[in-house]
Amino acid sequence: MTEQRKILITGGAGFIGSHVVRLFVKKYPAYRIFNLDKLTYAGNLENLHDIEKSPNYEFIKGDITDAEFINRLFQEKQFDGVIHLAAESHVDRSIVSPMDFIITNIVGTVNLLNAAKMIWLNPNTQITNPKFYQISTDEVFGSLDQGGYFTEKTSYDPRSPYSASKASADHLVRAYGHTYKLPVLVTHCSNNYGPYQFPEKLIPLAINNIRNSKPIPVYSKGENVRDWLYVEDHALAIDLVFHKGNSGDHYNIGGFNEWKNIDLIHLLCNIMDKKLGREAGASAKLITFVTDRPGHDLRYAIDSTRISNELGWKPSLQFEEGLEKTVDWYLSNTEWLEHVTSGAYQHYYDQQYHHR
Ligand code: NAD
Ligand code: DAU
């Protein structure tokens with residue numbers, strides 16, 4: 001018999017969440033997939049236009065920081081799985097307004113844990129094999145010098161308000177696993193890139209600026225290193241961990257794909273020159289070195305050996321291939337990009353959902 005599950009995906013209207021929702025809706029027709037999202041500036045239901053009418057999909061507009069609402073929702077829907085992506089996710093914004101990160105990323109996570117605990121640990125409810133899966137980041141491990149990798153054994157050492165808020169949330173997830181025996185999973189992923197990423201993060205920002213012949217802001221001299229992973233490969237890893245991971249497991253997810261920001265931007269400029277039919281070197285002239293991010297972590301690098309060995313996951317795309325695919329997507333989805341940059345995407349919910 002096909003397994004039927006009721007899975008809550010939080011933050012499903014965001015960048016990574018929309019890829020996870022799409023994958024689960026298409027791959028598991030017998031599941032019911034509930035996408036809970038507040039639709040902050042980062043939430044965009046246009047990301048899910050292609051699957052929004054699927055019979056196994058339901059969108060719920062709501063805020064994870066509202067405990068009463070979250071408790072009611074869990075009582076009513078009796079979810080047997082939670083994949084928790086909803087968060088304030090941009091490091092630069094966390095430096096300007098940390099409190100939004102504390103409230104959403106920490107309090108919001110605790111509200112979900114309490115609601116899951118309320119229904120899953122109640123002997124009168126019959127929920128089999130429940131799972132609470134926290135989507136975390138490699139940034140909780142701090143910053144590396146030139147050598148070494150973050151492994152699952154690396155100690156936490158968060159250094160920005162964003163990473164400190166994610167680390168706090170992870171600790172609470174682990175504490176609920178330890179104290180109440182709530183079945184929890186945690187993964188730490190490196191920098192994602194690909195379609196539907198909000199153009200305030202480095203890669204989509206640079207693509208959009210090159211397209212419009214505007215300056216590409218590179219912090220300091222662009223010496224900082226990030227490990228990049230195509231977003232669909234992350235979604236596939238999430239699927240594997242959710243289904244095959246055991247309670248208490250945690251995995252690192254990364255691409256073994258380190259790039260200095262400046263080298264990445266040069267590669268992107270070369271791809272954009274070709275795609276836009278511009279003379280070689282034209283886009284690179286837009287590179288503008290700007291004031292560094294305060295407390296800017298030098299290097300992140302993930303050792304993803306454990307998930308490879310235990311669950312058989314590995315990235316499917318080479319970086320050049322993934323970057324070219326991403327550029328193609330942004331250049332052929334100019335309407336999406338224009339709705340995001342003009343703010344028109346924020347009316348999509350009222351237009352599509354309120355008239356139903
Ligand atoms: P995003 O900013 O694109 O999306 C976040 C989503 O959460 C948005 O749809 C937003 O509306 C929603 N949200 C925010 N506050 C909410 C609230 N109070 N209630 C309900 N919904 C709310 O983020 P992303 O880049 O897709 O990241 C998703 C998750 O993955 C985050 O938890 C992030 O920490 C983690 N992560 C991201 C990356 C990356 O490279 N982007 C890497 C590793 C881990
Ligand atoms: O490592 C995982 C993390 O990756 C996630 O947890 C975060 O949610 C996600 O936003 C991302 O964080 P970063 O800070 O690494 O991503 P961002 O795209 O903001 O920056 C990537 C690098 O590029 C970083 O070294 C800062 C630099 N940068 C960024 C911007 C926006 C620039 O040089 N110029 C820019 O304009």
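No hydrogens, no waters, no symmetry mates; every other heavy atom, side chains included, goes into these values. One-based numbering, in listed order, for ligands and for the atoms of each.
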Side chains of Y196 and E46, heavy atoms from C-beta outward: is any pair under 4.5 Å?
no
One should read off an interatomic distance between I51 CD1 and L23 CG, to the nearest 0.5 angstrom, of 11.0 Å
Within ligand 2, which atoms have a heavy atom of V218 less than 4.0 Å away?
33 (O)
Check ligand 1 against I135 and write out every atom of the ligand that is under 4.0 Å from a heavy-atom position of the residue.
30 (O), 32 (O)
Please round to the nearest 0.5 Å and tell me the distance separating atom CZ of F79 and atom CD1 of I9.
11.0 Å
Relative to the ring of Y300, is the ring of F150 parallel (under 30°), tilted (30 to 60°) or perpendicular (over 60°)?
tilted
In terms of residue, atom name and distance, what is the protein heavy atom nearest to atom 2 (O) of ligand 1?
S89 OG, 2.7 Å
Tell me the protein heavy atom at minimum distance from atom 27 (O) of ligand 1, and give that distance in Å.
I16 CD1, 3.8 Å
Would you say N44 has any N or O atom under 3.5 Å from an N or O of ligand 1, going by distance alone?
no
Is there a heavy atom of K166 sitting under 4.0 angstrom from any atom of ligand 2?
no
How far is atom 3 (O) of ligand 1 from its nearest protein heavy atom, and which residue and atom name does that atom have?
F15 N, 3.0 Å
Kindly indicate whether a cation-pi arrangement holds for K131 with F242, taking the cut-offs as under 6.0 Å to the six-membered ring centre and within 45° of the axis.
yes
Atom 1 (O) of ligand 2 - nearest protein heavy atom and its distance:
D138 OD1, 2.6 Å
Do L85 and ligand 1 have an N or O pair less than 3.5 Å apart?
yes
Ligand 2 atoms nearer than 4.0 angstrom to some heavy atom of Y162 are 5 (C), 6 (O), 7 (C), 8 (O)
Quick one: is the NZ or CZ of R293 closer than 6.0 Å to the six-membered ring centre of Y219, and within 45° of its axis?
no
Around atom 8 (O) of ligand 2, find the nearest protein heavy atom and jot down its residue, atom name and distance.
S89 O, 2.8 Å
N/O separation below 3.5 Å, P217 to ligand 2
yes
Close-contact set for ligand 2 against H90 heavy atoms, below 4.0 Å
19 (O)
For the residue pair I83 and F24, establish whether any side-chain heavy-atom pair is separated by less than 4.5 Å.
yes
Would you check whether D37 reaches within less than 4.0 Å of ligand 1, judged by its heavy atoms?
yes
I need the contact type for K201 against ligand 2. Using non-hydrogen atoms and a strict under-4.0 Å cut-off, is it side chain, backbone, both or neither?
both
Around atom 16 (O) of ligand 2, find the nearest protein heavy atom and jot down its residue, atom name and distance.
N191 ND2, 3.5 Å
Would you check if there is a donor-acceptor pair between the side chains of T187 and Y133 at a distance under 3.5 Å?
yes
At a 4.0 Å threshold, what atoms of ligand 2 neighbour a non-hydrogen atom of L205?
36 (O)
For S136, atoms of ligand 1 separated by under 4.0 Å from a heavy atom:
43 (C), 44 (C)
At what distance is the nearest protein heavy atom to atom 25 (O) of ligand 2, and which residue and atom is it?
H296 NE2, 2.7 Å
Could you establish whether Y162 and ligand 1 come within less than 4.0 Å of each other, counting only heavy atoms on the residue side?
yes
Would you say I127 and Q78 make side-chain contact, with heavy atoms under 4.5 Å?
yes
Do P199 and V340 have side-chain heavy atoms sitting under 4.5 Å apart?
yes
In ligand 1, which numbered atoms sit nearer than 4.0 Å to a non-hydrogen atom of S190?
40 (O), 42 (C), 43 (C)
Do L205 and E200 have side chains that get closer than 4.5 Å, going by heavy atoms?
no
I'd like to check which ligand 1 atoms, numbered from 1 as shown, lie under 4.0 Å from a non-hydrogen atom of L39.
11 (O)
Can you tell whether the side chains of E152 and R306 come within less than 4.0 Å, N to carboxylate O?
no
How far is atom 31 (C) of ligand 2 from its nearest protein heavy atom, and which residue and atom name does that atom have?
E200 O, 3.3 Å
Do the side-chain N and O atoms of D273 and S283 include a donor-acceptor pair separated by under 3.5 angstrom?
yes
Is there a nitrogen or oxygen of T137 sitting under 3.5 Å from a nitrogen or oxygen of ligand 2?
yes
Going by heavy atoms, is S18 under 4.0 Å from ligand 1?
no
for atom 19 (N) of ligand 1, nearest protein heavy atom and its distance come out as I64 N, 3.0 Å
Working to the nearest 0.5 angstrom, can you tell me the gap between L298 CG and K260 NZ?
9.0 Å
Rounded to the nearest 0.5 Å, what separation is found between the SG atom of C189 and the CD1 atom of I302?
7.0 Å
Numbered atoms of ligand 1 (with element) below 4.0 Å of K166, judged on heavy atoms:
31 (C), 32 (O), 33 (C), 34 (O)
Measuring from the heavy atoms of G108, does anything fall under 4.0 Å of ligand 1?
no
Which ligand 1 atoms, with their elements, are less than 4.0 angstrom from a heavy-atom of T40?
10 (C), 11 (O), 14 (C), 15 (N)
Does a donor on one side chain sit under 3.5 Å from an acceptor on the other, for Y230 and Q318?
no
Number the atoms of ligand 2 from 1 as they appear, then name those within less than 4.0 Å of a heavy atom of Y300, with their elements.
1 (O)
Does one side chain, of N105 or Y162, offer a donor that lies under 3.5 Å from an acceptor on the other?
no
Do we see a donor-acceptor contact under 3.5 Å between the side chains of H266 and N270?
no
A student checking ligand 2 against V91 at a 4.0 Å heavy-atom cut-off should list atoms 14 (O)
Under 3.5 Å, is there a donor-acceptor pair linking the side chains of W228 and N192?
no
Is G14 in polar range of ligand 1, meaning some N or O pair under 3.5 Å apart?
yes
Polar side chain donor-acceptor pair, W259 to N261, under 3.5 angstrom
no
Taking the six-membered ring of F34, is the NZ or CZ of K6 close enough (under 6.0 Å from the centre) and on axis enough (within 45°)?
no
Quick check on G62 - does any of its heavy atoms sit under 4.0 Å from an atom of ligand 1?
yes
To atom 29 (C) of ligand 2, the nearest of F15, Y219, Y193, F198 on a heavy-atom basis is Y219
Look up atom CG in D328 and atom CD in E324, then write down how far apart they are to the nearest 0.5 Å.
6.0 Å
With heavy atoms of N191 as the reference, note each atom of ligand 1 found under 4.0 Å away.
40 (O)
Can you find an N/O atom of K38 closer than 3.5 Å to an N/O atom of ligand 1?
yes
If you have a sec, work out which protein heavy atom is nearest atom 18 (O) of ligand 2 and how many Å separate them, to one decimal?
L202 N, 2.8 Å
Ligand 1 atoms in contact with D63 (distance to a heavy atom under 4.0 Å):
17 (C), 18 (N), 19 (N)
In the protein, which heavy atom is nearest to atom 27 (C) of ligand 2, and how far is it?
N261 ND2, 3.5 Å
Filtering G17, A86, A87 for the heavy atom nearest atom 14 (C) of ligand 1 leaves A87
Students should be able to answer this: which protein heavy-atom is nearest to atom 14 (O) of ligand 2, and at what distance?
R293 NH1, 2.6 Å
